[in-house]
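Take a look at the structure set out below.
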Protein chains: 2
Amino acid sequence: MNNKPLLDYINKYVNLTIEEETLLLSKIVNRNYLKNQYIVQQGEICKSANFIISGCTKTFHMDLEGQEHIVMFSIEDWWTSDLGSFITQTPADFNVQCIENTQLIQFTFDNLEALYKEIPKLERLFRKIVERAFVASQKRIIRNFSLTAKERYQIFKNTYPKIEQRVPQYMIASYLGVTKEFLSKIKSQITQNQ
Amino acid sequence: MNNKPLLDYINKYVNLTIEEETLLLSKIVNRNYLKNQYIVQQGEICKSANFIISGCTKTFHMDLEGQEHIVMFSIEDWWTSDLGSFITQTPADFNVQCIENTQLIQFTFDNLEALYKEIPKLERLFRKIVERAFVASQKRIIRNFSLTAKERYQIFKNTYPKIEQRVPQYMIASYLGVTKEFLSKIKSQITQNQ
DNA sequence: AATAGATGTTAATCTAGTTTAACATCATTT
DNA sequence: AAATGATGTTAAACTAGATTAACATCTATT
């Protein structure tokens with residue numbers, strides 16, 4: 001049970017007393033997933049908000065043609081979930097699947113609601129988490145309509161160099177919203193110009 | 001000073017005492033904007049969260065080529081702001097401009113922070129507002145990559161019939177992420193098939 | 001009522017990104 | 001070491017949507 005990364009993370013936003021920490025830890029579940037396992041499946045209600053201790057996940061939507069569209073990769077010290085489904089307790093639009101063996105800490109919806117009542121300042125913490133998720137979502141929309149695929153790739157590479165190393169090219173293509181063939185073309189264009 | 005729509009709205013999420021209502025009303029500003037005036041300008045820090053009493057606004061990003069990309073229209077009983085800029089108090093990515101004369105209620109960043117301290121349950125209210133904004137943002141991302149322009153137009157028409165009547169076609173094209181010429185083509189395709 | 005400016009349509013040409021398909025490379029299993 | 005499957009590359013033909021440009025319609029102002 002390695003809960004330190006979570007407590008360190010929370011302490012960046014709000015200060016908990018020892019009693020509050022103990023209460024919080026009593027409401028979480030530590031869980032391990034194997035590579036390729038699903039944490040959330042599209043169509044089911046997302047039952048937990050998950051803080052990653054180790055590993056890597058992809059969050060993707062599968063459209064009516066059966067095509068995967070990745071919206072996010074998550075690694076250590078990040079959250080992963082279908083936050084929209086979790087928040088509204090309605091069927092998920094996204095799948096969250098492990099692309100490495102992944103160890104995480106889960107907050108169920110009911111436990112989190114109970115925690116809000118007992119530790120109101122967590123309301124502030126989760127407001128800030130949702131705010132950050134919202135800002136990231138908005139920035140992604142802007143990038144998608146105002147930049148070319150090549151520009152988006154370069155920003156991705158600079159912003160998440162660790163992730164670029166860690167996940168296969170065809171998943172990065174899906175994240176960027178292009179085919180793997182076109183990403184291959186972009187990469188050869190970039191290496192030719194330097 | 002017509003503050004009733006705001007109080008009705010808030011009461012759907014949290015119950016305020018008379019004293020809390022009075023305190024809250026002391027921290028807001030009522031303001032009128034004329035058609036074409038800007039509530040937020042890209043590059044400036046967004047100073048207020050705005051609740052619309054009457055009127056209509058568009059929220060758009062201007063890219064490096066000078067092209068407008070509308071991400072949202074807002075009408076009565078909705079919020080309008082560059083929420084990302086407001087939350088983080090960093091330069092706005094978006095412009096918010098009135099497309100009709102617009103009457104709104106403004107919360108400044110500092111006043112809202114003060115209100116959180118004095119009325120902690122407002123933390124819950126604004127968590128929920130941000131959650132809803134986040135969900136809408138995610139749904140828009142999914143629509144943009146999994147649907148064609150024609151499908152997106154039909155969803156827009158069904159979801160916001162009032163707005164479709166109220167704003168010019170070229171703004172709807174910008175919202176959908178296509179040129180006004182292509183939207184015109186889509187519309188003639190639709191009318192031909194019925 | 002005439003002019004100007006804002007909005008909408010149609011049609012031809014163009015392009016960023018897709019599709020298909022053939023082949024290359026690498027790791028894992030038998 | 002051979003076979004299988006997962007990943008990556010290249011190139012040709014194709015398409016959704018953009019661009020350009022000419023014209024139509026509708027206001028609002030003088």
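All chains are named by letter (A, B, ...) in the order of the sequence lines, taking the proteins before the strands, and each is independently numbered beginning at 1. These figures come from a predicted structure and were not determined experimentally. Side chains included, hydrogens not; waters and symmetry mates left out as well; all remaining heavy atoms used.
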Figure out the [atom1]/[atom2] separation between [X] and [N], and round it to whole Å.
| X | N | atom1 | atom2 | answer |
| --- | --- | --- | --- | --- |
| A/Glu68 | D/dA6 | CD | P | 13 Å |
| B/Leu183 | C/dA11 | CG | P | 17 Å |
| B/His69 | D/dA18 | NE2 | P | 11 Å |
| B/Gln169 | D/dT27 | CD | C1' | 17 Å |
| A/Tyr170 | D/dA6 | OH | C1' | 7 Å |
| A/Ile172 | D/dT9 | CD1 | P | 11 Å |
| B/Glu65 | C/dT15 | CD | C1' | 14 Å |
| B/Asn144 | D/dA16 | CG | P | 18 Å |

Could you tell me how the ring of [X] sits relative to the ring of [Y]: parallel (under 30°), tilted (30 to 60°) or perpendicular (over 60°)?
| X | Y | answer |
| --- | --- | --- |
| B/Phe107 | B/Trp79 | tilted |
| A/Tyr116 | A/Phe126 | perpendicular |
| A/His61 | A/Phe94 | perpendicular |

### Proximal nucleotide (of C/dT7, D/dT10, D/dT7) relative to the A/Ser184 side chain
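Nearest listed nucleotide: D/dT10.
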### Query
Would B/Asn30 and B/Asn3 count as a side chain to side chain contact (heavy atoms under 4.5 Å, CB included) if you check the C-alpha gap in whole Å, the side-chain angles of each, and the deciding distance to 0.1 Å?
CA-CA 9 Å; B/Asn30 290 72; B/Asn3 296 323; 3.2 Å; yes
### Task
Please determine if A/Glu123 and B/Arg127 form a salt bridge, counting it only when a charged side-chain N lies under 4.0 Å from a carboxylate O.
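The answer is yes: the pair qualifies as a salt bridge.
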So which protein nitrogen or oxygen atoms get under 3.5 Å of nucleotides 17-22 of chain C's nitrogens or oxygens?
from: C/dT18; atom 1: OP2; to: A/Thr179; atom 2: N; distance (Å): 3.0
from: C/dT18; atom 1: OP2; to: A/Thr179; atom 2: OG1; distance (Å): 3.3

### Message
We want to know whether B/Thr108 and B/Asp110 form a side-chain donor-acceptor pair, criterion being a heavy-atom distance below 3.5 angstrom.
### Response
no
